[in-house]
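The next block holds one structure in the form of structure tokens; read it before the comments.
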Amino acid sequence: MSAVIEEHHDDHHDHKPTGIGRWLFSTNHKDIGTMYLWFSFTMLFIGGALALVIRAELFQPGLQFVEPEFFNQMTTLHGLIMVFGVIMPAFVGLANWMVPMMIGAPDMALPRMNHWSFWLLPGAFGLLIESLIMSMMGMGSAPNFGWTFYAPLSTTYGPDSTDFFIFSVHMMGISSIMGAINIIATIMNMRAPGMTYMKMPIFVWTWFITAYLLIAVMPVLATAVTMMLTDRNFGTSFFDAAGGGDPVLFQHVFWFFGHPEVYIMILPAFGIISQVVPTFARKKIFGYSSMVYATSSIAFLSFIVWAHHMFTTGMPVATELFFMYATMLIAVPTGVKVFNWVSTMWKGSMTFETPMLFAIGFIFMFSIGGFTGLMLSIVPADFQYHDTYFVVAHFHYVLVTGALYAIYSAVYFWLPKWTGNMYDEKLGKVHFWVSTISVNVLFFPMHFVGLAGMPRRIPDYNMQFAEFNQMATIGAFVFGFSQLILLWNVVKTIRGRSTVKATDQVWEGAEGLEWTIPSPAPFHSFTTPPTVK
Amino acid sequence: MAAEPNNNQAANRRVIGKLLLTVVAMFGFGFALVPLYDVFCAVTGLNGKTGSQVADFKNMQLDDSRKIKVEFLASLNEQMPWEFKALQDSITVHPGQPAKVDFIARNKTGRDMIGQAIPSVSPGIAASYFQKTECFCFTEQLLKAGEEKVMPVLFIIDPSISEDVHEITLSYTFFIKPGTEEAGSRVITSSVSKTLANHTK
């Protein structure tokens with residue numbers, strides 16, 4: 001049946017540009033989505049390599065492989081690349097591919113801006129990575145002040161490459177803002193007839209709210225780096241006490257951006273899980289509207305909790321209490337979501353294909369990260385945990401087994417729709433189990449060394465932490481290299497030899513507009529809008 | 001909706017316009033945080049910044065039922081080549097009792113320099129009760145080459161300060177007045193970090 005339709009498409013609409021020009025000049029949401037995803041995948045391996053340098057150095061106490069100066073550059077660039085180069089572009093890539101298909105739109109609302117926002121990224125990260133390459137060639141230091149770039153480390157003491165970093169962050173910011181504008185415009189103006197707001201898939205909803213968060217806080221990040229720029233080069237003293245400024249102000253400005261940023265990195269993940277779990281439980285999502293309201297509440301609360309990153313800066317007790325309670329409040333809407341996913345699975349006829357495995361892994365391990373977050377929100381406890389490996393364990397549970405696992409789930413979930421071929425299920429399961437075991441060997445011991453007082457971002461440590469650090473390093477190398485299984489699986493699926501063709505619906509329990517168009521999704525889809533009942 | 005591209009274009013323009021406005025407003029808000037932060041801290045005394053004005057203490061009553069120990073710290077910004085210390089480590093006063101301490105600064109260099117001392121009071125909640133009636137931090141200090149100068153601070157602790165405060169630390173950091181440092185201060189900084197790196201090797 002679809003053969004007829006496809007031929008029709010081929011004749012009139014499916015003229016793909018060919019050669020390198022297809023990618024360089026593309027304004028097609030699917031091609032741009034693909035480029036975002038490959039960009040993010042590349043950055044994952046670069047950022048991962050830096051993480052392995054860190055773990056190799058921490059395999060034993062004392063200094064083995066790298067100088068402390070270089071270690072600092074590793075922690076800084078690992079953080080920056082993973083946050084801004086992997087998680088965020090991967091989500092934007094998924095939004096590019098899926099949002100138009102999920103709401104029945106032919107493309108993004110602003111295709112040329114889409115093109116521009118992608119092509120800023122290679123420039124931004126080229127600049128950042130260039131400073132690392134120059135550092136390895138002995139030409140000064142790459143940024144070495146941690147991904148949070150606190151003043152005065154990044155102003156008075158920042159290496160010359162800090163100005164590269166500033167320009168790079170400006171470019172990433174512009175890219176994210178344009179991406180967000182595009183997504184909001186698409187969702188507001190391009191929905192198919194009958195697709196009311198409360199009928200939108202949850203992934204679309206979470207991205208809608210995320211885009212507003214981006215619009216609200218990326219400019220604040222731009223302010224922070226602009227102030228750094230003028231402090232460093234034009235004689236202002238925003239963060240310099242010598243000129244009447246205050247370095248603590250930097251932390252306030254940074255975390256006013258930084259806390260909503262962590263929800264920017266997790267809300268789309270919530271959206272993905274809310275698509276995957278109902279599909280493989282073969283039930284509608286439990287509590288659709290409560291999901292929407294929970295997401296909105298989290299977004300709102302994210303603006304009034306930033307100072308929980310700064311409990312040890314010497315705040316009065318009343319302020320600490322406010323930020324502690326506000327932070328704990330976030331556990332309520334997050335709990336609503338977790339219980340909704342569990343209730344969706346309850347009495348469903350579940351199967352455990354790879355996307356579902358990653359989704360369940362997400363729910364389980366993200367909750368662990370959520371609970372350690374709750375521990376960190378408790379002011380007196382935070383004085384003990386602050387700047388230790390406990391914090392590292394916490395945010396890697398929410399970002400690796402949280403955000404990254406959701407992205408993996410999404411890739412396995414939609415890859416058959418993108419390529420028209422089923423991925424290798426056995427390989428997918430191997431990827432999941434090797435990753436899940438090794439990622440826990442990697443991050444779980446960090447809780448213990450952190451509680452025992454091992455500080456983060458230091459290349460050397462006390463003998464007593466040696467065993468747990470060795471475990472973590474072994475876990476890190478297994479986890480790092482097991483991501484090559486995903487790369488192999490993706491390449492194999494795209495090439496399409498020896499794999500099964502995917503049906504249009506792909507998954508038995510799949511519901512939604514994206515599953516009504518052929519697999520692989522034609523270059524132009526929904527040129528006439530579908531009608532949603 | 002999607003069937004009418006003209007309507008869409010107008011709608012898109014409206015959305016872009018509003019969102020860009022939000023972006024500009026938030027960029028401005030980031031800068032507005034600077035004065036907001038200063039006002040907030042001045043009102044609450046949160047960051048330990050004490051008033052830079054001469055305090056009015058006429059209506060203060062002596063409260064001799066309790067004592068507060070005031071400790072003094074004198075430090076230098078790492079680019080500042082002076083010598084700077086307090087002549088006493090600490091004194092104990094009653095709230096409402098005027099007190100005087102002397103700090104001493106010496107310009108070790110062979111050139112005239114202008115410095116600015118920045119005070120900070122800890123705990124932060126005590127900052128707004130710590131009233132200075134005379135302080136070398138109110139003005140810039142000019143020290144000629146090799147000159148030594150004794151600089152007094154007169155202060156009084158407001159008796160309405162919380163009963164929980166038993167100790168207050170007053171710290172001063174002397175900075176080179178921005179713009180008057182020698183060229184190449186960046187070089188000093190990076191040589192410091194190099195020394196540190198060598199030290200850890």
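To find a chain, count down the sequence lines: A is the first, B the second, and so on, and within it residues start at 1.
Residues of residues 176-186 of chain A that come within less than 4.5 angstrom of chain B, heavy atom to heavy atom, are Ile177(A), Ile181(A), Ile184(A), Ala185(A) in numerical order.
Contact annotation: the side chain of Val23(B) never approaches that of Met218(A) to less than 4.5 Å [non-hydrogen atoms, C-beta and beyond]. The closest side-chain heavy-atom distance from Phe40(B) to His252(A) is not below 4.5 Å. A heavy-atom distance below 4.5 Å is not found between the side chains of Phe27(B) and Val220(A).
Listed by chain and residue number, Lys69(B) satisfy the salt bridge (charged side-chain N to carboxylate O under 4.0 Å, His left out) test with Glu71(B) (two or more places apart in sequence, or in another chain).
In this structure, Met26(B) and Ala216(A) approach most closely via the heavy-atom pair CE-O, 3.0 Å.
Between chain A and the residues Val15(B), Leu20(B), Ile16(B), Leu19(B), the most heavy-atom pairs under 4.5 angstrom are made by Leu19(B). In terms of heavy-atom pairs under 4.5 Å with chain A, the best-connected choice from Ala25(B), Gly28(B), Gly30(B), Gly115(B) is Gly30(B). Note on Phe257(A), Phe238(A), Tyr212(A): by heavy-atom pairs under 4.5 Å with chain B, the leading option is Phe238(A). Comparing Asn77(B), Val34(B), Ile118(B) by heavy-atom pairs within less than 4.5 Å of chain A, the highest count is held by Val34(B).
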> Stepwise, does the side-chain contact (heavy atoms from CB on, under 4.5 Å) test hold for Tyr37(B) with Val248(A)?
Replying inline: CA-CA 10 Å; Tyr37(B) 177 80; Val248(A) 179; 3.5 Å; yes

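Summarising the geometry, atom CE belonging to Met188(A) is positioned 9.5 Å from atom CZ belonging to Arg14(B); distances are rounded to the nearest 0.5 Å. Summarising the geometry, atom CG belonging to Leu110(A) is positioned 5.0 Å from atom CG belonging to Asn12(B); distances are rounded to the nearest 0.5 Å. Here the straight-line distance linking atom CZ of Phe31(B) with atom OG1 of Thr226(A) works out to 5.0 Å at 0.5 Å rounding.
The number of heavy-atom neighbours closer than 6.0 Å to CZ of Phe300(A), taken from other residues, nucleotides and ligands shown, is 12 or below. A 6.0 Å sphere centred on NZ of Lys199(A) holds more than 12 heavy atoms belonging to other residues, nucleotides or ligands.
No donor-acceptor contact under 3.5 angstrom links the side chains of Asn189(A) and Asn8(B), judged on distance only.
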